Amino acid sequence: MSENSQFRFPGATGVGSLPGGDAREAAKTATGSFEDFPFLPELPARGPGADMIGRTAGMLVELYARVEPSGWRIGDRPGRDTKRARSWLGEDLDALEEFTQGYAGDLKVQAVGPWTLAAALELKNGEAALSDPGACRDLAASLAEGLRLHLTEVRRRVPDARIVLQLDEPSLTAVLRGQVRTASGYRTHRAVDRQIVEATLRDVVGAHGGGPVVVHSCAPDVPFALLRRAGAAAVSFDFSLLTERDDDAIGEAVEAGTRLFAGVVPGTEGPLSDPAGSVMGVRTLWRRLGLHPGLLAEAVTVTPACGLAGASPAYARQALAHCVRAARSLADNPE
């Protein structure tokens with residue numbers, strides 16, 4: 001068993017984003033839906049600075065970003081976009097604190113990981129930070145320090161919770177494969193060496209000081225083995241994108257004690273199957289891997305497939321409640 005096997009997580013939680021722009025309503029939904037694993041909601045509908053890139057850019061230390069027509073660009077000093085991002089994060093933390101008085105369970109907070117950030121943030125020349133190894137190093141160091149400060153603030157506000165950090169890395173596979181497009185759109189940036197990707201992730205995971213870190217990606221071909229080696233206690237993914245090519249890596253991860261955050265509930269509007277049907281694929285995977293059914297509830301946390309920002313508030317609440325029921329089905333009937 002790896003050092004990650006020390007971490008146990010409750011059966012269900014959300015991914016991060018919710019619809020709308022009301023911080024109190026979102027905090028009420030996130031804490032009310034999951035009695036033992038709430039999360040700090042993100043509300044990108046509020047605009048630039050509330051989106052995942054802008055929100056994390058606002059956490060950076062001694063690096064600042066502003067909105068340009070092409071996206072977020074690193075600048076020399078904090079401007080109104082940085083201030084807006086920090087203000088909204090403060091508002092979200094105020095709301096979370098209000099709805100977690102006396103709470104003592106797991107609590108998840110999300111930020112963008114170093115490689116998706118490097119693929120999304122532009123340098124002054126308009127190219128992604130990914131194009132410059134030195135800029136990538138500076139960005140990762142700034143992010144790690146910003147996360148330390150953020151996690152300290154969350155602990156101050158919810159002192160009895162165990163904080164779980166989620167790093168969102170939807171661009172990670174594209175970074176590893178050299179599929180991130182240049183500013184012109186005609187070429188792609190060179191693939192980053194896997195050892196450098198892993199070492200950088202390990203450094204940022206370390207910002208949590210030994211606390212549990214989940215790495216989330218709702219893109220295909222999640223690099224399970226790399227994330228496990230980088231110190232992720234859990235990997236969060238869109239279950240519908242798995243193929244049998246992923247079987248060996250998933251089996252090894254489970255046996256090493258890595259938790260799977262299985263995104264089985266659709267993140268976009270539509271009819272939901274019964275809770276048992278939602279986790280049928282997880283049971284099938286388990287049988288295919290020859291894993292013990294009794295491990296299921298211990299190894300799997302049920303989540304939506306991705307964030308719920310694009311859904312209606314009613315569907316978002318329904319999807320989160322469905323995750324709880326599906327997790328209960330998995331625990332009650334592992335076979």
Side-chain angles (χ1 to χ4, degrees), residues 2-7 9 13 15-16 37 39-40 42 52-65 72 74 78 82 85-86 89-90 92-93 96 106-121 129-130 133-172 175 192 194-217 222-223 226-236 257-259 261:
S2 78
E3 61 189 22
N4 290 332
S5 61
Q6 65 183 294
F7 297 118
F9 300 96
T13 190
V15 170
F37 205 175
F39 62 97
L40 175 65
E42 299 165 353
M52 60 189 279
I53 299 298
R55 185 182 185 89
T56 302
M59 295 180 192
L60 297 174
V61 172
E62 294 180 4
L63 277 180
Y64 310 101
W72 285 90
I74 295 170
T82 299
R86 290 176 177 173
L89 179 58
D92 294 339
L93 287 168
L96 182 76
D106 285 310
L107 170 66
K108 185 165 69 67
V109 299
Q110 305 82 221
V112 175
W115 292 108
T116 295
L117 206 57
L121 285 181
L130 189 65
C136 289
R137 284 193 296 274
D138 291 346
L139 192 55
S142 173
L143 174 62
E145 187 54 35
L147 286 173
R148 283 188 196 98
L149 296 172
H150 177 53
L151 293 164
T152 298
E153 175 65 9
V154 177
R155 277 191 287 268
R156 184 185 71 76
R157 289 169 177 265
V158 197
D160 296 325
R162 179 179 75 159
I163 310 301
V164 178
L165 171 64
Q166 176 179 303
L167 295 174
D168 292 319
E169 282 284 16
S171 300
L172 183 58
V175 167
V192 181
R194 294 181 81 87
Q195 289 182 312
I196 292 173
V197 169
E198 184 183 319
T200 301
L201 274 167
R202 190 180 298 113
D203 288 345
V204 176
V205 165
H208 196 6
V213 177
V214 183
V215 179
H216 168 73
S217 172
V222 176
L226 183 152
L227 296 176
R228 181 163 53 84
R229 291 194 304 270
V235 180
S236 170
T258 305
R259 182 86 176 196
F261 280 40

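Predicted model only: the values in this text are computed from it and were never measured.
Evaluation of the side chain to side chain contact (heavy atoms under 4.5 Å, CB included) rule for Pro159 yields no partner, not counting sequence neighbours. Partners of Val205 by side chain to side chain contact (heavy atoms under 4.5 Å, CB included), not counting sequence neighbours, listed by chain and number: Leu167, Val213. Judged as a salt bridge (charged side-chain N to carboxylate O under 4.0 Å, His left out), and not counting sequence neighbours, Asp168 has no contacts. By the ring pair (Phe, Tyr, Trp, His ring centres under 6.0 Å) test, Phe9 is found to be paired with Phe261, residues two or more places apart in sequence or in another chain being considered. Residues that satisfy the side chain to side chain donor-acceptor pair (under 3.5 Å) test with Ser236, not counting sequence neighbours, are His216. With sequence neighbours excluded, no residue satisfies side chain to side chain contact (heavy atoms under 4.5 Å, CB included) with Asp138. Residues that satisfy the side chain to side chain donor-acceptor pair (under 3.5 Å) test with Arg148, not counting sequence neighbours, are Glu145. Arg259 is linked by a salt bridge (charged side-chain N to carboxylate O under 4.0 Å, His left out) to nothing, counting only residues two or more places apart in sequence or in another chain. Remark: Ala65 pairs with Ala57, Trp72, Leu121 by the side chain to side chain contact (heavy atoms under 4.5 Å, CB included) rule, at least two apart or across chains.
A salt bridge (charged side-chain N to carboxylate O under 4.0 Å, His left out) check over residues 194-217, counting only residues at least two apart or in different chains, returns the pairs Glu198-Arg202, Glu198-Arg229.
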Just list the side-chain donor-acceptor pairs under 3.5 Å for residues 107-120, sequence neighbours left out, or say none.
from, atom 1, to, atom 2, distance (Å)
Lys108, NZ, Gly14, O, 3.0
Lys108, NZ, Val15, O, 2.9
Lys108, NZ, Gln110, OE1, 3.0
Lys108, NZ, Gln166, OE1, 2.7
Gln110, NE2, Leu40, O, 2.8
Trp115, NE1, Val197, O, 3.2
Thr116, OG1, Glu169, OE1, 2.6
Thr116, OG1, Ser171, N, 3.0

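For the pair Leu227 and Leu172, the minimum side-chain heavy-atom distance is below 4.5 Å. Using a 4.5 Å cut-off on side-chain heavy atoms (C-beta onward), Leu143 and Leu60 make contact. The closest side-chain heavy-atom distance from Leu89 to Arg55 is below 4.5 Å.
Annotation for Ala232 and Val215: closest pair CB-CG2, 3.9 Å, computed over non-hydrogen atoms. A pairwise comparison of heavy atoms in Ser217 and Val222 identifies O-CG2, 3.9 Å as the closest pair. Residues Thr258 and Ala234 come closest through the heavy atom pair CG2-CA, 3.9 Å.
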Trace of the side-chain contact (heavy atoms from CB on, under 4.5 Å) decision for Thr200 with Val192: CA-CA 11 Å; Thr200 301; Val192 181; over 6 Å; no
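Between the CD1 atom in Ile163 and the CZ atom in Arg157 there is a gap of 12.0 Å [rounded to 0.5 Å]. Between the CG atom in Leu96 and the CG atom in Asp92 there is a gap of 8.5 Å [rounded to 0.5 Å]. From Met59, atom CE reaches atom CD of Glu153 across 11.0 Å, with rounding to the nearest 0.5 Å.
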